[in-house]
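A short write-up of the structure that comes next.
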Amino acid sequence: MADVPSRTGGMGEVADVAGPYEVAPFGEALRQLARERSDIVGVTADMGRYSDIGPFKDEFPERFFNAGMAEQSAIMIAAGLAKVGKVAFAATYAAFLTRRALDFMAIACAHSMADVKVMGGSPGLVNPYGGTHQAIEDLAVMCSIPDVTVIDPCDAVELRQVVRAAAETPGTFYIRNLRGKVPVVLDESSYRFEIGKAKQLRSGTDVGIISTGFMTARAMQAAERAADAGVSCAVLHVPTLKPFDDDAVAEFAADVGRLVTVENHLRSRGLGSSVIESLYSRGQVVPLIRIGLGDRFHVCGSQAYLEQLYGLDLDAITTAVVKGQWDF
Amino acid sequence: MTRAAAAERTVAELQGIAMSLRRRMLRMAAHKGEGYIAQGLGIADALAAVYFRELSIDPGRLDDPNRDRFLLSTGHYSIAMYAVLAELGVLTDEQLETYALNGSALPMSTFDETPGIEIISGSLGHGLGQGVGMALGLRLDESPAKVVVELSDGELQEGSTWEAAMAAASFRLDNLWALVDCNGIQADGPLVLDMEPVLDKWRAFGWSAVEVNGNAMQELVDAFDALRKEPGPRAVVLRTTPGSGVPTIERRDRAHFVRVNDDEWSRLMEELEDRG
Ligand SMILES: Cc1ncc(C[n+]2csc(CCOP(=O)(O)OP(=O)(O)O)c2C)c(N)n1
């Protein structure tokens, strides 16, 4: 294996940022919203520092509530706040929210259509701590709860737009949060996030990559490399996992020879499975490689190390696109 | 090791073991360049007392069904556990040098694949409940083994901890001990909820409980001896200093996760030797 750094880059940060980035886009977006609206509140479970809620907390300390390390309590507090008219953003790690606090998200939040916007931090292999901390099934779990909108943003630009859209739209949201130095990939002047809408970011005819979350940035790089290798590659970014944009996926799939789906999540019951389910229901059968994580707990290590180990790195994605191979 | 033999260790000998644990921890953190060293140094004395005086565990027979069980509930205290396991001869010093590196068998928080580690504990609040289950099962088997669960003050905020505490007292678990490490910090800084009075909470939940300076060996030893005479379940509330033994870490504002420059680690090691 190539030499990859062993230091983890701080709990839950996107480890190596090569190009432009923003610091704490979630907290900055929340602070901006809170300046405009007095009903915005923030909750954490002893993970304020590691969820980037700082910019909001520092300016609006009276609207910030730290429940202590108590994820169930944090979600119930958020639900209670919502039920007296607040829009509550609850942020800690995805793993502890979607496992320990699930019942409370399903019933106290989703079933009541409460205005709780859950920010699941350090998703998938972003976290170096292994099975205890790696939320590799959070999208599957949250998509399986009725009345939850589920979003995996690509970068800092989209994350800020998603936070705003969630605040402006009634109901319970589950949003994957990226913290620390979050890359800027999308063009702020032209990109518009819309709930439930996929966005085609690149056109091509041979292969189509369908991706979600920050894997879309890597999909764009893989498409670039594929073009160099003579393979024309399109990219469809699907930030909203639920409700799923069946039409956009069908249209996109109709124009390419084969598909590759890419996600920082279990390869079953996440984006890849949704694509297959959606296409198959319409009688559309397209050759497809699903890139994602296997049905196992994953080991500990830096993000770069893990992505290489489990085939989520740029090389593995490029090989899948160019050669139609992905053996992990 | 029998408890009778272990109990013969003097306070000075236990202090020497605690010093050795601290040296090992600093070397591990230095190799990695970062880690939960403040917590490790804080719990060193209690672990020395428990492992080298209170527990009956044969390092050569870690699968002995009648071994005492030590459950580290606070997974990120792994650095301290690995030091203990090296002190017992279960791990080697070469293995310690891989602490939390990519592909290491000694990850940043504990997994039960590591020999001598009883539970997976990086998701906090998992220890006490499983300790109750083990204590029930061992009692059912009429085993002489006891169960000792370490947990942190942050873990006192998880509901699961108090559900377990309630059950333990209701089941009158004479073979269950809790070591509650109150080091006053958590991820967001100083404790974000007021948890006091911690000692009274355990008593109110039906436990025999005492509170000690967790970095004073004589107090620790006396606490175990006094509590042993009380009915179970039993809790020792430890007031510890994060970074204990290394003044620069003791003084740190943000001690939850320590990352310092490579050359600074040797200075921290010197501080430990000067203090010792
Ligand atoms: C269930 C769960 N929630 C949150 C976390 C993230 N986390 C890791 S350490 C920590 C602080 C917990 O408090 P404590 O153990 O007292 O902290 P320390 O003394 O180590 O600073 C938190 C919130 C976790 N590991 N598990």
Gap separating the CZ atom of A/Phe96 from the CD atom of B/Glu158, nearest 0.5 angstrom
9.0 Å
Taking every non-hydrogen atom, the tightest pair across A/Thr132 and B/Ser109:
OG1-OG, 4.2 Å
Would you indicate whether A/Phe60, at its atom CZ, is surrounded by more than 12 heavy atoms from other residues, nucleotides or ligands within a distance under 6.0 Å?
yes
Atom OH of A/Tyr21: over 12 foreign heavy atoms under 6.0 Å:
no
Atom CZ of A/Phe328 with >12 non-hydrogen neighbours under 6.0 angstrom
yes
Taking B/Ser123 as the fixed residue, which of A/Arg100, A/Glu71, A/Arg99 is the one that meets the side-chain hydrogen bond (donor to acceptor under 3.5 Å, both in side chains) rule?
A/Arg100
Count the heavy atoms of every other residue, nucleotide or ligand shown that sit under 6.0 Å from CG of A/Asp103, and state whether that count exceeds 12.
yes
Based on non-hydrogen pairs under 4.5 Å, which of A/Ser73, A/Gly131, A/Ala70 is most in contact with chain B?
A/Ala70
How far apart are the closest heavy atoms of B/Phe111 and A/Tyr129, and which atoms are they?
CZ-O, 3.5 Å
Sort A/Thr44 into side chain, backbone, both or neither according to what part of it lies under 4.5 angstrom from a heavy atom of chain B.
side chain
Does any heavy atom of chain B fall under 4.5 Å from the side chain of A/Ala67, the backbone, both, or neither of them?
backbone
Would you compute the distance between atom CG of B/Leu101 and atom SG of A/Cys300 and round it to the nearest 0.5 angstrom?
11.5 Å
Within a 6.0 Å radius of atom CG on B/Asp263, are there more than 12 heavy atoms belonging to other residues, nucleotides or ligands?
yes
What distance do A/Leu309 atom CG and B/Asn102 atom CG have between them, rounded to the nearest 0.5 Å?
9.0 Å
Select, from B/Gly103, B/Gly122, B/Ser104, the one with the greatest count of heavy-atom pairs under 4.5 Å involving chain A.
B/Gly122
Please report the shortest heavy-atom distance between B/Gln186 and A/Met69, naming the atom on each side.
NE2-N, 3.9 Å
Taking the side chain as C-beta and beyond, is there a heavy-atom pair between A/Arg49 and B/Phe257 under 4.5 Å?
no
Heavy atoms of other groups near B/Arg267 CZ, more than 12 under 6.0 Å
yes
Identify which part of B/Leu124 has an atom lying under 4.5 Å from any heavy atom of chain A, answering side chain, backbone, both or neither.
both
Examine distances only and state if a side-chain atom of A/Asp46 and a backbone atom of B/Ala187 form a donor-acceptor pair shorter than 3.5 Å.
yes
Looking only at atom types and distance, does a side-chain atom of A/Asn66 sit under 3.5 Å from a main-chain N or O of B/Val192, one as donor and one as acceptor?
no
